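Structure provided below as structure tokens; questions to follow.
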Amino acid sequence: MKTAVTPLELADRIRRQHAQGRVVIALAGAPGSGKSTLAEWICARLNEGAPDCAAVFPMDGYHFDDRVLEARGLRARKGAPETFDVAGLRHMLGRLRLNDEDEIAVPVFDRDLEIARAGARLIPRHVRYLIVEGNYLLLRQPPWSSLRDMFDVTIMIDLPEETLRQRLVARWQAYGLSPDVIAVKVEGNDIPNGRLVRDASAPADFALA
């Protein structure tokens, strides 16, 4: 059963209950749920107690490139589960869990350019708390279900659909898209993806609302 906590309670629990070794934390939620913002906040909170002990690893760095999506007829579905390199993500999580390298370079998705930038972030060996954030980290369906054993702590953000819709519309408005294009993106892709996260994810250890 998920335990409902505040972000502050969650950060403090992680620090108290996982004091040794590298801790890999999955932070999942629908598009527009605020995963990136919350991951950075938790990271900063953990680093208050021990500087540079925490880092964030976004799942979105494993988006397939647009050329791959176009060849597969998936460009309009970019952001859906089938538009990610899940095997590559799992391989990287294995390296990060093993933690036997001085530092590991991970890709980061650049939303302004709509591409993943290889080697855009370094995760040093001394990082104890690694916060992995992304929509589908807890999906029960293959190949995403193969990631579950990589995580020591799992968290799900659970927000009402209408709140997600408002945030998603505002996100695409900020990129200067027309109302018609925004409607297609939100109702044809983002919201269905959010429903999948809500309905098809494994139970998390903690819930945030």
Side-chain angles (χ1 to χ4, degrees), residues 10-11 13-15 17-29 31 35-47 49-69 72 78-111 113-157 197 201-206:
L10 179 59
R13 279 191 186 216
I14 291 170
R15 185 188 296 113
Q17 297 176 7
H18 300 273
Q20 302 297 323
R22 173 161 284 174
V23 182
V24 182
I25 302 155
L27 175 59
K35 297 177 300 298
S36 299
T37 300
L38 180 59
E40 294 293 347
W41 187 92
I42 293 173
C43 181
R45 176 69 180 181
L46 292 169
N47 282 330
D52 299 323
C53 74
V56 175
F57 172 34
M59 179 200 85
D60 279 356
Y62 284 85
H63 268 293
F64 285 131
D65 189 81
D66 284 358
R67 287 174 295 181
V68 174
L69 298 179
R72 296 183 175 186
K78 188 172 185 177
E82 63 270 27
T83 64
F84 290 87
D85 175 16
V86 185
L89 175 60
R90 179 176 171 80
H91 178 73
M92 180 59 76
L93 286 170
R95 287 178 65 194
L96 290 163
R97 278 192 66 85
L98 189 60
N99 196 25
D100 65 353
E101 303 168 62
D102 289 339
E103 61 183 16
I104 297 176
V106 301
V108 176
F109 187 71
D110 188 321
R111 191 171 293 278
L113 299 176
E114 280 289 304
I115 60 171
R117 298 167 54 212
R121 182 169 299 174
L122 297 176
I123 309 294
R125 178 182 283 173
H126 65 253
V127 166
R128 288 172 49 205
Y129 305 106
L130 183 65
I131 305 162
V132 186
E133 61 97 353
N135 299 331
Y136 308 117
L137 300 176
L138 303 183
L139 276 193
R140 294 190 298 263
Q141 64 190 42
W144 292 95
S145 54
S146 69
L147 303 181
R148 181 63 186 84
D149 61 353
M150 293 290 177
F151 305 124
D152 302 296
V153 180
T154 58
I155 307 159
M156 177 63 74
I157 306 175
V197 172
S201 293
D205 299 322
F206 299 100

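Everything quoted here is computed from the prediction, not taken from an experiment. Side-chain atoms are counted along with the backbone in the values below, which use heavy atoms only and exclude waters and symmetry mates. Position 1 is the first residue of the sequence; numbering continues from there.
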Worksheet item: If we only count heavy atoms from C-beta on, is the L38 to E133 side-chain gap below 4.5 Å?
Response: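 The answer is no; the side chains never approach within 4.5 Å.
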Worksheet item: Judged by atom type as modelled, is there a donor-acceptor pair below 3.5 Å linking the side chain of R121 to the main-chain atoms of V56?
Response: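 Answer holds: yes.
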Discussion item. More than 12 heavy atoms of other residues, nucleotides or ligands under 6.0 Å from NE2 of H126: yes or no?
Written reply: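 Atom NE2 in H126 is packed in, count exceeds 12.
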Worksheet item: D66 versus I115: any side-chain heavy-atom pair under 4.5 Å?
Response: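 In short, these two side chains do not touch, never coming nearer than 4.5 Å.
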Worksheet item: Should E114 and K78 count as an ion pair when the cut-off is N to O under 4.0 Å?
Response: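 Between K78 and E114 there is a salt bridge, with a charged N closer than 4.0 Å to a carboxylate O.
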Worksheet item: Does the side chain to side chain contact (heavy atoms under 4.5 Å, CB included) test come out yes or no for R111 and D60, once each step is laid out?
Response: CA-CA 9 Å; R111 191 171 293 278; D60 279 356; 3.9 Å; yes
Fill in: Flag side-chain contact, heavy atom, 4.5 Å: F151 against L93
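Result yes, sub-4.5 Å side-chain heavy-atom pair found.
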Worksheet item: Are side-chain heavy atoms of M156 and F206 found at a separation under 4.5 Å?
Response: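 Counting from C-beta outward, M156 and F206 never come under 4.5 Å.
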Worksheet item: Does R125 reach the main-chain N or O of D100 with its side chain, forming a donor-acceptor pair under 3.5 Å?
Response: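 Judged by distance alone, yes, a pair lies under 3.5 Å.
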Worksheet item: So, do C53 and V127 sit near enough that their side-chain heavy atoms are less than 4.5 Å apart?
Response: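 Not in contact.
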Discussion item. For a side chain to side chain contact (heavy atoms under 4.5 Å, CB included) check, start with the C-alpha distance between L138 and W144, then their side-chain angles and the critical distance, and finish with the verdict.
Written reply: CA-CA 7 Å; L138 303 183; W144 292 95; over 6 Å; no
Worksheet item: When the ring planes of F84 and Y136 are compared, do they come out parallel, tilted or perpendicular, using 30° and 60° as the limits?
Response: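 Ring orientation, 0 to 90° scale: perpendicular.
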Item to complete: Heavy atoms only: give me the nearest A54-L46 pair and the separation to one decimal.
Response: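 Smallest heavy-atom distance, with atoms named: CB-CB, 3.9 Å.
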Worksheet item: With sequence neighbours left out, what residues match P107 under side chain to side chain contact (heavy atoms under 4.5 Å, CB included)?
Response: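 Once residues adjacent in sequence are excluded, the partners of P107 under the side chain to side chain contact (heavy atoms under 4.5 Å, CB included) criterion are Y62.
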Worksheet entry | Sidechain-backbone polar pair: D85 side chain, F64 backbone, donor-acceptor under 3.5 Å |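 Such a contact is absent between D85 side chain and F64 backbone.
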Item to complete: Work out which heavy atom in V106 is nearest to a heavy atom in F57; give both atom names and the distance.
Response: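 Shortest heavy-atom separation between V106 and F57 comes out as CB-CE1, 3.7 Å.
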Item to complete: Might you point out which heavy atoms bring A55 and I123 nearest each other, and give the distance in Å?
Response: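 Heavy atoms only, the tightest pair is CB-CD1, 4.0 Å.
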Discussion item. Looking at R45, is its backbone amide N or carbonyl O close enough to the side chain of R15 to form a donor-acceptor pair, meaning the two atoms are under 3.5 Å apart?
Written reply: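 It does hold such a pair.
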Practice prompt. Mind listing the closest non-hydrogen atom pair of I131 and A39 along with its distance?
Written response: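 Scanning both residues, the minimum pair turns out to be CD1-O, 3.7 Å.
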Discussion item. Could you report the tightest heavy-atom contact between P143 and S146, atom names first, then the distance?
Written reply: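 Scanning both residues, the minimum pair turns out to be O-OG, 2.7 Å.
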Fill in: Test item: D110 side-chain N/O and A116 main-chain N/O as donor-acceptor pair under 3.5 Å
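Not a single qualifying donor-acceptor pair exists.
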Discussion item. Could you check whether any side-chain N or O of R22 sits under 3.5 Å from a backbone N or O of L96, counting only pairs where one atom can act as donor and the other as acceptor?
Written reply: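 Yes, R22 side chain to L96 backbone: donor-acceptor pair under 3.5 Å.
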Worksheet item: Do the side chains of D149 and R90 get nearer than 4.5 Å, heavy atoms only?
Response: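 Yes. Closest side-chain heavy atoms under 4.5 Å.
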Worksheet item: Where do V197 and L139 come nearest, in terms of heavy atoms and distance?
Response: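 Smallest heavy-atom distance, with atoms named: CA-CD2, 4.4 Å.
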Worksheet entry | Any donor-acceptor pair under 3.5 Å from R97 side chain to V24 backbone |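 No: the side chain of R97 does not pair with the backbone of V24.
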Worksheet item: To the nearest 0.5 Å, how far apart are CG in L27 and CD in E40?
Response: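 These two atoms lie 10.5 Å from each other.
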